[in-house]
Amino acid sequence: MKFRDDFLTEIDNKVENGERISESEAVRLFETDDLTGLGKVANRANTMKNGDRVFFNINRHVNPSNLCINHCQFCAFYRKSADEPGAYEQTIPEILEKLKGDVAAGATEVHIVGGLHPTWRFENYVEIIREIHSHYPSLHIKAFTCVEIDHFSTISGKPLDEVFEILKEAGLGSMPGGGAEVFSPRVRKKLCAKKISGARWLEVAETAHRSGLKSNATLLYGHIETVEERIDHLAGLRELQDRTGGFQAFIPLSWHKEGTELEHLLSIPGATGLDDLKIIAVSRIFLDNFDNIKAYWVMLGKKLAQTALWFGANDLDGTVVDERVTFMAGGKTDRFATIDEIIHLIRSAGRVPVERNTLYEPLKIC
Ligand code: V47
């Protein structure tokens, strides 16, 4: 292939020969001004793995409560106490009622994440999983980030592997990738000082994988992180994936600032469309041991998520329904996507839509 930026020829040859790129090469990729060239390299890396198929699933989000003891500055979702405006707690019957219609409409997955509640005990969380599993046994429960799992270990006094055994017995099927933010200690100290370290996030993910659970990984970008810190984050994920193979998908999360403590800092303009596409492309090329790169339409917008299918992404997430983390931070996209809409986005990008389950087994070619 011919590129305007010669460096892309080098990287394209590496991709074609299955050679891994280095951290400094990944930093250099971010600096290219040949966006379409970068997209072509990432597209090659993706089609070598996934052909022209693009995954989606039929899912719904449940965020049981936004009360949280970690007051992260980039987050508009959390509330410190129940009497603050916007604070909420859902009961188990409410959650079961919400899921009823989704299951009837063919949902195969429920995605559960929430705050670190100041008073809920580990048993409360286990009960949520147990009740959902017993009412809707066909629904795959993808729940709790590494941050929440670490919290359960702290509040229950149980080691991580025991926490996982209890949750699996209750019906937990896999874990989402949130809470990773950016592993850089500099960024965490400034934005989320109370949150577990990046090293601990990776340790919890490793323990999950060793106890037989698959999980996802994310990167929150577009705030104060540097390009080097983004790549260092990806390097931590690539290294763990080499050892466990337990990550199913990588999902870059485009930071939304409305309602966060950082909203009025003009020095942080947030990610542009170009950043969004570059992150998808660079992560596809750098994370050569991840099969799936997800373009999360809730944060990218449906049109840019569709465009990302030509920049290395092979997964559009799902119908989603009722996600709150992004919408409380000013997300302007629709609150859900219909199955027909997702299929249309994929087909009109020239790709083949494939409905998958949470474990990335194809269910239906659409
Ligand atoms: O953990 C918080 C991030 C995550 C904001 O695994 C924010 O399949 C943007 O992890 N702007 C939750 N992001 C979302 C998440 C996720 C989403 C879709 C699929 C999967 C998966 C995982 O969102 C949080 C945090 O890292 N976040 N605040 C914000 N203002």
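Ligands are counted one by one from 1 in listed order, and the atoms in each one are counted from 1 as well.
Note: Phe74 and Trp255 fail the aromatic proximity criterion, with ring centroids not under 6.0 Å apart.
Ring orientation note: the planes of Phe247 and Trp201 are close to parallel, at an angle under 30° on the 30°/60° scale. Ring orientation note: the planes of Tyr360 and Phe55 are nearly perpendicular, at an angle over 60° on the 30°/60° scale.
Screening Arg188, Lys195, Arg186, Lys190 for a salt bridge (charged side-chain N to carboxylate O under 4.0 Å, His left out) with Glu181, the sole residue that qualifies is Lys195.
Within 4.0 Å of ligand 1, heavy atoms belong to protein residues Phe74, Cys75, His111, Lys142, Pro176, Gly177, Gly178, Gly179, Glu181, Asn216, Thr218, Leu220, Ile251, Leu253, Ser254, Trp255, His256, Lys294, Tyr296, Met299, Asp317, Val325, Ala329.
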Apply side-chain contact (heavy atoms from CB on, under 4.5 Å) to the pair His61 and Val113, showing each step before the final yes or no.
CA-CA 8 Å; His61 282 232; Val113 287; 5.6 Å; no

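Contacts classified as ring pair (Phe, Tyr, Trp, His ring centres under 6.0 Å) and involving residues 5-52 (residues at least two apart or in different chains) are not found.
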